[in-house]
Amino acid sequence: MKNEKNFLTENHPVEIFVPMLHFMKAGFEMGIATVTGNLLKLEEWAFLEEDREVMAIYETFKSQTLTPIKFAGSS
């Protein structure tokens, strides 16, 4: 930022899990990967707990968000 401070953003769960849901319904297999292999940071405040499908797919991939695959060739 202009004041030379870092501002870390996280990933919005709906922006990740809704597209995954549609791809899975179309027959694709999905997984979680990051450039570094570090955990996927999610904006916990943005979960819509009443959205059962999003919460279900999150539960399916929850362990992968903590220990994602590292992209091959990444340093």
Side-chain angles (χ1 to χ4, degrees):
M1 295 177 60
K2 286 183 179 182
N3 62 5
E4 297 185 22
K5 291 187 178 188
N6 289 329
F7 178 76
L8 301 177
T9 61
E10 297 177 342
N11 298 286
H12 197 289
V14 171
E15 292 173 347
I16 294 171
F17 297 118
V18 170
M20 287 177 71
L21 179 65
H22 290 288
F23 279 114
M24 289 175 66
K25 285 181 178 181
F28 290 89
E29 292 183 21
M30 303 297 295
I32 303 290
T34 63
V35 172
T36 61
N38 293 338
L39 68 92
L40 179 67
K41 296 178 182 176
L42 296 168
E43 295 177 341
E44 299 289 334
W45 62 268
F47 275 99
L48 299 173
E49 293 186 14
E50 61 274 3
D51 189 332
R52 287 182 265 147
E53 284 189 298
V54 169
M55 294 308 294
I57 196 165
Y58 168 66
E59 288 300 323
T60 299
F61 289 95
K62 187 175 184 176
S63 65
Q64 288 187 42
T65 66
L66 300 173
T67 55
I69 299 165
K70 181 180 178 180
F71 282 118
S74 299
S75 45

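All values below come from the heavy atoms of this structure, side chains included, with hydrogens, waters and symmetry mates left out.
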Sequence neighbours left out, cut at 3.5 Å: what donor-acceptor pairs do the side chains of residues 57-67 make with other protein atoms?
{"residue": "Thr60", "atom": "OG1", "partner": "Ala56", "partner atom": "O", "Å": "3.0"}
{"residue": "Gln64", "atom": "OE1", "partner": "Ile32", "partner atom": "N", "Å": "2.8"}
{"residue": "Thr65", "atom": "OG1", "partner": "Lys62", "partner atom": "O", "Å": "2.6"}
{"residue": "Thr67", "atom": "OG1", "partner": "Ser63", "partner atom": "O", "Å": "3.2"}

Output side-chain donor-acceptor pairs under 3.5 Å for residues 11-26, partner residues at least two apart or in another chain, one line each.
{"residue": "Asn11", "atom": "ND2", "partner": "Lys41", "partner atom": "O", "Å": "3.0"}
{"residue": "His12", "atom": "ND1", "partner": "Val14", "partner atom": "N", "Å": "3.3"}
{"residue": "Lys25", "atom": "NZ", "partner": "Glu53", "partner atom": "OE2", "Å": "2.9"}

Is it true that atom CD of Glu44 has more than 12 heavy atoms of other residues, nucleotides or ligands lying nearer than 6.0 Å?
yes
Check the pair Thr36, Phe71 against side chain to side chain contact (heavy atoms under 4.5 Å, CB included), reporting the backbone distance first and the verdict last.
CA-CA 7 Å; Thr36 61; Phe71 282 118; over 6 Å; no
